[in-house]
Amino acid sequence: MRLSRYFMPTLKETPSEAQIVSHRLMLRAGMVRQATAGIYSWLPLGFKVLKKIEQIVREEQDRAGAHELLMPTIQPADLWRESGRYDDYGKEMLRITDRHDRDMLFGPTNEELITDIFRFYVKSYKDVPQLLYHIQWKFRDEVRPRFGVMRGREFLMKDAYSFDIDYAASKHSYNKMFLAYLRTFERMGLKAIPMRADTGPIGGDLSHEFIILAETGESQVFCDKQWMEIDLAGDNVDYDSDLDPRVTELTNIYAATDEMHDPAACPVGEADLITARGIEVGHIFNFGTKYSAAMKAEVQTPDSSQVPVMMGSYGIGVSRLVGGIIEASHDDAGIVWPDQVAPFGAAVINLRQGDDKTDAACEDAYAKLKAAGVDPLYDDRNERAGGKFADMDLIGLPWQLIIGPRGVANGVVELKRRATGERQELSLDAALQQIIG
RNA sequence: CGGAGCGUAGCGCAGCCUGGUAGCGCAUCUGCUUUGGGAGCAGAGGGCCGCAAGUUCGAAUCUUGCCGCUCCGACCA
């Protein structure tokens, strides 16, 4: 992409409404624009990151054997009356009336809809397990939306739902999601720690929150310092194998949210206990028959009896992750995107737009990066070097290929790694080699 | 939902106390000079001073109501 033709309205100054660093940087980098409290438009740069995160989530869900579908944002109230949540959900649910005076709502989550889909089609134990997910906008009319996309009212969430014949099978589905989540967050360059969590209004007895540690996190969390050293990268899961040993191994390392942490009963000594702030980026629940019983989602067993299916639900805050990743990865100059979610793979910075030789060298580099599939952003604006450096540091692409007349005369370019600030002067080919890896 | 604060140009702000026809920096546009870490000079455009009512000869400024946004706390992907 040529920056001169792109829509990337960066700001030099921070709008006053933004308090936390991710919100400030997202506004300054021109990633989002607030429409009203807790509701955002995603501008091209932000949208690209959102889509990258979404894609990683999708790939890992698919790998775990979940099937993607898409449910609507607007739902009929009747389904929620069946489950009993129409009244329970309270003011957080945005209620709408259509022209025929029918009660509708903007979905805050999708247990009811998915259960309705499941029960309509699935009647036999032979047709479970099922693991279905979608990535769709949700609306929760938060009392106090804040922190930009970290706590918006409208947000993009991946929510998966499992349907199993008995507890053992549903635990296996739970384990799949547990390990899939670790892989998912690891791929985004995040350390997300699964913590024992309260099941809250969704119900059930087995639940973990996946939390990334950040100073601006909303909740207090506690974990064994082992979590800091543990490497989850190597987890190449065979989802059809028995997952319990690995999950047990991990859940035995202490980690709990504030509500679940009892200092008196904590097995970890004070010296080994990390107390920190955390951001919840995922939450998984095994809640048994709460919805299937209420909504009669039953299957027939081999002995011809009818049993409600055991269910679980599994959420990842996709839009929240955009902010979460920035919270976890930034410096004074701006965002430092992990390679996997960066909106562009590399920047080409032309230090002297209009200088024939420099322009030619930049075009050459740009074409080669494009051909290599790097998806480069070429800063071909007629701006001064300082402004270009500042903007590129702000938007935090992993690599900056800096090309100016001085280097061109010597046959070298400068390659800067955003994360470390390390710079090298080398030939274009050598630089391309490093970027392409 | 309890407590607090703020609405003046795209962004950051001053002016308000003590009423007199709206200002600064950045950004934008034009021209010239510049060009390796947010340039200089000269000129220009851009405002129902959140909305409404009131007080007053006169309201950004005082009063009241409303709306919006933000922050702290209790609750949530």
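Below, all heavy atoms of this structure are taken into account, side chains as well, without hydrogens, waters or symmetry copies. Throughout, protein chains are lettered first and strands after them, A, B, ... in sequence-line order, and every chain is numbered starting at 1.
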In Watson-Crick or G-U wobble terms, with both distances under 3.5 Å, the base opposite B:rG2 is B:rC72

Would you say A:F389 stacks on B:rG36, if stacking means ring centres under 5.5 Å apart and planes within less than 30 degrees?
-> no

Take the protein atom NZ of A:K138 and the nucleotide atom C1' of B:rA77, then report the distance between them rounded to whole Å.
-> 9 Å

Out of B:rC11, B:rA77, B:rC71, whichever nucleotide has its closest atom nearest the side chain of A:R320 = B:rA77

Can you list the residues that meet the side-chain hydrogen bond (donor to acceptor under 3.5 Å, both in side chains) rule with A:Q424, with sequence neighbours excluded?
-> A:Q434

Report yes or no: is there a donor-acceptor pair, N or O only, under 3.5 Å between the side chain of A:E383 and the base of B:rG38?
-> no

For atom C1', what is the distance between B:rG45 and B:rA4, given to the nearest Å?
-> 39 Å

Donor-acceptor pair present, A:R144 side chain and B:rC69 base, under 3.5 Å = no

Look at A:R140 and B:rC76 and indicate whether a side-chain polar atom (N or O) is within less than 4.0 Å of OP1 or OP2.
-> no

Would you call A:D331 and A:R418 a salt bridge, taking side-chain N to carboxylate O under 4.0 Å as the test?
-> yes

Would you mind checking if A:R417 and A:D339 are paired as a salt bridge, meaning a charged N to carboxylate O distance below 4.0 Å?
-> yes

Candidates B:rU70, B:rG25, B:rC26 - which lies nearest the side chain of A:E17 = B:rU70

A:R246/A:E249 salt bridge by N-O under 4.0 Å criterion = yes

Could you tell me which nucleotide pairs with B:rU61 by Watson-Crick or G-U wobble geometry, both distances under 3.5 Å, or answer none if nothing does?
-> none

Ignoring the backbone of A:M157, work out which of B:rU35, B:rA74, B:rA77 is nearest its side chain.
-> B:rA77

Length of the line joining A:K91:NZ and B:rG2:P, which is rounded to integer Å = 10 Å

Run the ring-centre check on A:Y161 versus A:Y291 and record whether the distance is less than 6.0 Å.
-> no

Length of the CZ-C1' vector between A:F155 and B:rA77, whole Å = 5 Å

Could you tell me whether A:D393 contacts a base, only the sugar-phosphate backbone, or nothing, with contacts defined as non-hydrogen atoms closer than 4.0 Å?
-> base

Give me the residues of residues 31-40 of chain A where at least one heavy atom lies under 4.0 Å from an atom of RNA chain B, by number, or none.
-> A:Q34, A:T36, A:A37

Is B:rU35 paired to anything, Watson-Crick or G-U wobble with both distances less than 3.5 Å, and if yes, which nucleotide?
-> none

Consider only side-chain N and O atoms of A:Q400 and A:D393, and report whether a donor and an acceptor are under 3.5 Å apart.
-> yes

Partner nucleotide of B:rG7 by Watson-Crick or wobble geometry (both distances under 3.5 Å) = B:rC67

Below 4.0 angstrom, N of the basic side chain to O of the carboxylate: do A:E327 and A:R320 qualify?
-> no

Taking the C1' atom of each, how far is B:rG46 from B:rG5, in whole Å?
-> 29 Å

P gap between B:rC49 and B:rG10, integer Å | 12 Å

Tell me which of A:A385 and A:T14 sits closer to the 5' end of RNA chain B, going by the nucleotide each one is nearest to.
-> A:T14

Does any donor atom in the side chain of A:R58 or A:Q61 lie under 3.5 Å from an acceptor atom in the other side chain?
-> no

Are side-chain N/O atoms of A:E209 and A:T257 paired as donor and acceptor at under 3.5 Å?
-> no

Say you pick atom P in B:rC26 and the same atom in B:rG40; how far apart are they, in whole Å?
-> 7 Å

When you compare B:rU28 with B:rU56, how far apart are their P atoms, in angstrom units rounded to a whole number?
-> 48 Å

Ranking B:rU70, B:rG12, B:rG36 by distance to the side chain of A:P15, first place goes to B:rG12

How would you label the contact of A:V281 with the nucleic acid (heavy atoms, under 4.0 Å): base, sugar-phosphate, or nothing?
-> sugar-phosphate

A:Y133 and A:D62 side chains, donor-acceptor separation under 3.5 Å | yes

Base, sugar-phosphate, or nothing for A:E142, non-hydrogen atoms under 4.0 angstrom?
-> base

Return the nucleotide paired to B:rU28: Watson-Crick means purine N1 to pyrimidine N3 with N6-O4 or O6-N4, wobble means G-U with N1-O2 and O6-N3, both under 3.5 Å.
-> B:rA44

With sugar-phosphate meaning primed atoms plus P, OP1 and OP2, does A:G407 contact a base, only sugar-phosphate, or nothing at under 4.0 Å between heavy atoms?
-> base

How long is the line joining CZ of A:R28 and P of B:rC26, in whole Å?
-> 17 Å

Is there a residue in residues 321-333 of chain A whose heavy atoms reach under 4.0 Å of RNA chain B, and which residues are they?
-> none

Looking at every strand, decide which applies to A:G152 at a 4.0 Å heavy-atom threshold: base, sugar-phosphate, or nothing.
-> base

Checking N1-N3 plus N6-O4 or O6-N4 for Watson-Crick, or N1-O2 and O6-N3 for wobble, each under 3.5 Å, the partner of B:rC16 is none

A:L50 CG to B:rA77 C1', straight-line distance once rounded to whole Å | 14 Å

To the side chain of A:E218, which of B:rC75, B:rG36, B:rA77 is closest?
-> B:rC75

Roughly how many Å is it from CD in A:E209 to C1' in B:rC76, rounded to a whole number?
-> 9 Å

Given that both distances must come in under 3.5 Å, which nucleotide forms a Watson-Crick or G-U wobble pair with B:rU55?
-> none

Quick one: do A:R85 and A:E111 make a salt bridge, cutoff under 4.0 Å?
-> yes

Using 4.0 Å as the upper bound for N to carboxylate O, is an ion pair formed by A:D375 and A:K48?
-> yes

Nearest-angstrom distance from the residue atom CZ of A:R24 to P of B:rU70 | 15 Å

Distance, P atom - from B:rA53 to B:rG43, rounded to whole angstrom = 41 Å

Any idea how A:Y174 and A:H208 line up, ring-wise: parallel (<30°), tilted (30 to 60°), or perpendicular (>60°)?
-> tilted

d(CD1, A:I135; P, B:rA77) in whole Å = 18 Å

Quick one: label A:D355 by what it contacts on the DNA or RNA (base, sugar-phosphate, nothing), any heavy atom closer than 4.0 Å.
-> nothing

Partner nucleotide, any strand, of B:rU21 [Watson-Crick/G-U, under 3.5 Å] = none

Classify the side-chain pair A:S170/A:N286 by whether it contains a donor and acceptor separated by less than 3.5 Å.
-> yes

Using atom P of each nucleotide, how far apart are B:rC41 and B:rU34 to the nearest Å?
-> 15 Å

Could you tell me whether A:K158 contacts a base, only the sugar-phosphate backbone, or nothing, with contacts defined as non-hydrogen atoms closer than 4.0 Å?
-> nothing

Just call it for A:G387: base, sugar-phosphate, or nothing, with non-hydrogen atoms closer than 4.0 Å on any strand.
-> base

Inter-nucleotide C1' distance (B:rU8, B:rA59), Å rounded | 14 Å

